[in-house]
Amino acid sequence: MESPVPSNSAKTYLATSQADRIKHLPAEARAAFQRFQTLGDPAGLDMVICAILADFMPRRPTVPLAERPGSTRLIDDLGFDSLAITEVIFFAEDLFGITITNEEMVHVRTLDDLRGFIRRKVAVHAPR
Amino acid sequence: MPPLPVITGLGFITSIGNDRPTVLRSLRELRHGFESVEFFGNPDLPVKVAGTVKGFAFPTPNWRDWVWPDHFAVDRELLRGLAPHGVYALCALQQALADAGLDPAALAGGQTGLFCASAGSPFLLGHFLNQMYATRGERGNPMGIISSIAGTLNFNLAAHYKISGAVCGFVSACASSSHALGYAMDEIRLGRQQRMLVVGAEDMTAESIVSFSTLRALSNNPDPATASRPFDRRRDGFVGTGGAVALVVEDAALACRRGARVYAELVGWGQAGDGYSVATSHPEGAGLREAMRRTLADARVDAHEVSYVNAHATSTPAGDRSEALALQAVFTSNGAKPRVSSTKALTGHALSLAGAMEAAFCALAIAEGFIPGAAHLEEPDPVCAGLDFPRVSLCEAPHFVLNNSSGFGGSNVCHLLRRPA
């Protein structure tokens with residue numbers, strides 16, 4: 001079916017800069033994203049992933065996610081549900097320019113799973 | 001005798017106040033809630049006034065940018081599925097539950113139901129669809145549908161408050177929340193539920209309001225003090241508003257057992273279609289006339305007994321005229337002369353929210369012993385001859401109060417409220 005011509009709002013969505021996409025994240029996470037982009041610093045990438053997770057967690061985290069063990073489970077320990085995980089996936093796809101399938105996400109259960117998974121993905125697709 | 005539904009809790013997020021005392025003062029002193037606005041950042045738009053909801057802001061579709069008064073608790077988990085009017089609704093319902101002395105934990109268990117009404121969120125739906133157009137269907141907010149379609153209120157509030165009684169949303173445009181309240185009365189009268197929460201809400205955004213300018217339904221009067229003047233000869237359209245109102249309706253026996261304050265009894269309701277036009281009201285208000293008669297018959301009350309009518313009148317030339325003729329047919333021609341006013345002169349027209357909001361105003365009028373005046377009415381349209389419009393709010397305690405609503409397609413709904421014995 002023919003799609004309507006994108007409106008101004010749609011054009012704005014397409015043109016949204018990465019800086020705009022992460023403007024709600026803490027300053028240190030935004031700086032880490034810059035380091036990852038320019039230097040390919042993987043530690044910076046981990047910090048960005050934790051910040052994204054904290055931003056989409058249904059309940060505000062009581063302990064910083066970076067201080068949680070890598071075996072912490074997204075659903076059982078952090079209270080994520082499938083909708084919140086989907087929000088994280090879409091956000092990560094747009095931010096890092098990657099594609100994540102549902103089948104791939106089924107195997108991502110813990111913080112370490114997610115960090116490792118996104119590291120592998122972005123290694124394939126960039127650094128820019 | 002079937003169970004009698006009574007109103008035991010009220011919550012307000014409206015252009016004339018975000019709590020009961022402020023709303024009461026606005027109604028008594030005829031303080032309007034209008035401000036000058038510039039929709040879509042376009043100074044050339046002729047619509048320049050709206051009934052703004054103070055203390056809230058929704059500058060972008062991203063909930064992280066939203067603002068609401070600090071004293072309301074809005075869970076992060078809930079926010080992602082809410083439209084702006086969902087935030088209003090949550091705040092209004094928190095107030096109503098506190099007002100009724102109800103712990104939210106008491107709402108689970110199946111004896112409490114929830115009926116809601118809104119038109120959805122054109123603001124969020126537009127954004128959601130634009131994302132999909134832009135990505136050719138490959139992206140979209142996972143909560144885009146839940147937060148934006150009509151029904152978003154009942155989806156969110158029923159899950160949040162763990163309501164396992166009757167849950168439904170009503171869509172009949174500007175009669176929507178009146179339908180919700182009417183059917184909530186029936187749930188109690190039929191013994192199906194002991195308590196019903198009724199929530200009406202609408203966004204206060206350009207997308208929700210300016211859309212009506214395509215129908216030439218909005219006032220182009222730039223003066224906030226006169227733009228909404230129902231029944232006035234110079235009226236030129238309605239002024240849009242949004243917000244939310246929540247009512248707690250209970251079986252009178254339950255309210256009595258738990259010692260709840262009763263604002264008003266809900267003794268009858270009725271509805272009738274115009275069978276005439278998709279958008280404009282019947283020229284003689286045929287459907288509204290019949291809805292009023294059915295309501296009075298349902299309550300076994302004579303027209304002479306009605307003290308006050310809260311008219312639907314939105315300040316449009318055609319709609320107010322139809323209602324005036326319907327009121328004359330039901331009341332004036334029978335020698336009955338209730339006080340009549342439209343509180344939309346103060347609030348603006350809140351669309352799906354209007355019926356519940358005005359039912360709550362009627363309940364306040366009964367409980368506080370006053371009749372809201374017909375604000376901004378200077379030169380009554382000659383078609384209103386014989387109708388009694390008080391120009392100021394009156395210290396008269398109404399016994400029976402009729403609340404009128406009409407929506408697109410000629411959907412007309414009325415409720416009759418009574419002062420508790």
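Every chain is numbered from 1, with letters handed out A, B, ... down the list of sequences.
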Side chains of A:Lys23 and B:Arg64 in contact at under 4.5 Å (non-hydrogen atoms): no
4.5 Å side-chain heavy-atom contact, A:Glu93 and B:Arg139: yes
A:Phe56 versus chain B, the contacting section by heavy-atom distance below 4.5 Å: both
Portion of A:Asp55 that has a non-hydrogen atom of chain B nearer than 4.5 angstrom: both
Over 12 foreign heavy atoms within 6.0 Å of [atom1], [X]:
X: B:Ile145; atom1: CD1; result: no
X: A:Arg35; atom1: CZ; result: yes
X: A:Asp76; atom1: CG; result: yes

Toward chain A, the part of B:Arg80 with a non-hydrogen atom under 4.5 Å: side chain
Considering all heavy atoms, the nearest B:Pro142-A:Phe90 contact: CD-CD1, 4.1 Å
NE2-CG distance between A:His24 and B:Asp65, expressed to the nearest 0.5 angstrom: 3.5 Å
Backbone of A:Met57 reached by a side-chain donor or acceptor of B:Arg76 within 3.5 Å: yes
